[in-house]
Participant: 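Before anything else, here's the structure in question.
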2 protein chains.
Amino acid sequence: MKTIEVDEDLYRYIASNTRHIGESASDILRRLLKLQPAASAVAEPTPVAGKGIAQMLGGNELAADESAIDRFMHILAVLYRENPTSFAQACDIKGRKRIYFADSEAALLAAGNTTKPKAIDGSPYWVITNTNTGRKRNIVAQLMAAMGYPHGLIERVCQSI
Amino acid sequence: MKTIEVDEDLYRYIASNTRHIGESASDILRRLLKLQPAASAVAEPTPVAGKGIAQMLGGNELAADESAIDRFMHILAVLYRENPTSFAQACDIKGRKRIYFADSEAALLAAGNTTKPKAIDGSPYWVITNTNTGRKRNIVAQLMAAMGYPHGLIERVCQSI
DNA sequence: GAGACGATCGCCGGGATTGTTA
DNA sequence: ACTAACAATCCCGGCGATCGTC
């Protein structure tokens, strides 16, 4: 991985061409420049834990998300994609009254008022959304901890929300 | 200046496309992606009348358009003509409920009430028209940013609406 | 769906702030 | 009582589209 500097507007241009969750700056540039996709992209059946999330942090993909909610949803989508099974086991996190994750909007609505549930892209899950940013960080931290991510990475991800 | 991370091979590819000493990554990428140059440095006179956005601003082309809508439509037509591909990638801009661009009138009508779609001259695209001038400026700014135009030019174009 | 334009104002989403409970 | 953790109200900024104006 090399680091290069680009102007603001170029950066936005690249970010605006994100096609799907988990796409890195390299992926986007390769597509825009009509180059061959990275060789390893398809071949790897079991991604190394932490790879997807770390890549997300390194690249510019979160830049396209304007709000904390967008970044929150984006991170959750990547976490799910990276390890659906682990996510499923880890996501029964709850607050005092509310539950945070469920496989239906109704379940979340039933456990609190005005929770503003949103569907997690590419997964069967929904999350609560009506929280301050601190709690969003909290939820992500708890989830990632339960999924077995290392401390440092968790911290960096939370920082990025 | 923003920093992004790219794979080794991409880095080498970009470096190998350097045209002259001191050329920045942004300059090279702009050229490879066929985006607008950052500086006003249009060293060579661009002869064809009505060729680009800068030309349009320079001349009195827009003066003939009485209303903000006319100027709005005019600008969009020029932007499309200047780079149809980039326009196509950039134009999936939307509001909270409405979509702003589409390749058919019906698509815009379906996504909002009384949006007053109009066809963009010389292109297959339609835009929403029932917005205040601030929003028209907004739409143009978002579009141009996503097409990779530099800030200064975007501002001047919006000013002219 | 046919008058055209677009400012104004109502509504909605984001999330900090404030109220509540353990 | 005091605090920490949590819930959800409510303010602000942004968006939609009605309706006043020409």
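Order of the sequence lines sets the chain letters (A, B, ...), proteins ahead of strands, with each chain counted from 1. Nothing here was measured: the structure is a model prediction, and the numbers come from that model.
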Participant: Is the centre of the B:F87 ring less than 6.0 Å from the centre of the B:Y80 ring?
Facilitator: yes
Participant: Would you check if A:V140 and A:K136 make a side-chain contact, meaning some heavy-atom pair closer than 4.5 Å?
Facilitator: no
Participant: Calculate the interatomic distance between B:R98 atom CZ and D:dC15 atom C1'; express it in whole Å.
Facilitator: 8 Å
Participant: Please list, chain by chain and in numerical order, all residues satisfying ring pair (Phe, Tyr, Trp, His ring centres under 6.0 Å) with B:Y11, sequence neighbours excluded.
Facilitator: none
Participant: Please state how far atom CG in B:N113 lies from atom C1' in C:dC9, giving the value in whole angstrom units.
Facilitator: 16 Å
Participant: Let me know the distance between CD of A:Q142 and C1' of D:dA5, rounded to the nearest Å.
Facilitator: 11 Å
Participant: Rounded to whole Å, please give me the gap between CD1 in B:I128 and C1' in C:dC5.
Facilitator: 15 Å
Participant: Name the nucleic acid region contacted by A:Y100, choosing base, sugar-phosphate or nothing; use a 4.0 angstrom heavy-atom cut-off, strictly under.
Facilitator: sugar-phosphate
Participant: Starting at atom CG of B:D65, determine the distance to atom P of C:dC5, rounded to an integer number of angstrom.
Facilitator: 11 Å
Participant: In B/S/- notation, 5' to 3', how is nucleotides 12-22 of chain C contacted by protein heavy atoms closer than 4.0 Å?
Facilitator: BSBBBB--BBS
Participant: Do B:E82 and B:Y149 meet the criterion of a side-chain donor-acceptor pair at a distance under 3.5 Å?
Facilitator: yes
Participant: Which pair of heavy atoms, one from B:L108 and one from B:P117, lies closest together, and at what distance?
Facilitator: CD1-CB, 3.8 Å
Participant: Side chains of B:E61 and B:H74: any donor to acceptor distance under 3.5 Å?
Facilitator: yes
Participant: Please state how far atom CD1 in B:I161 lies from atom P in C:dG6, giving the value in whole angstrom units.
Facilitator: 11 Å
Participant: Grab the CG-C1' distance between B:L109 and D:dG16 for me, whole Å please.
Facilitator: 15 Å
Participant: For a quick test of reading the model: is some side-chain N or O of A:R135 closer than 4.0 Å to OP1 or OP2 of D:dC6?
Facilitator: yes
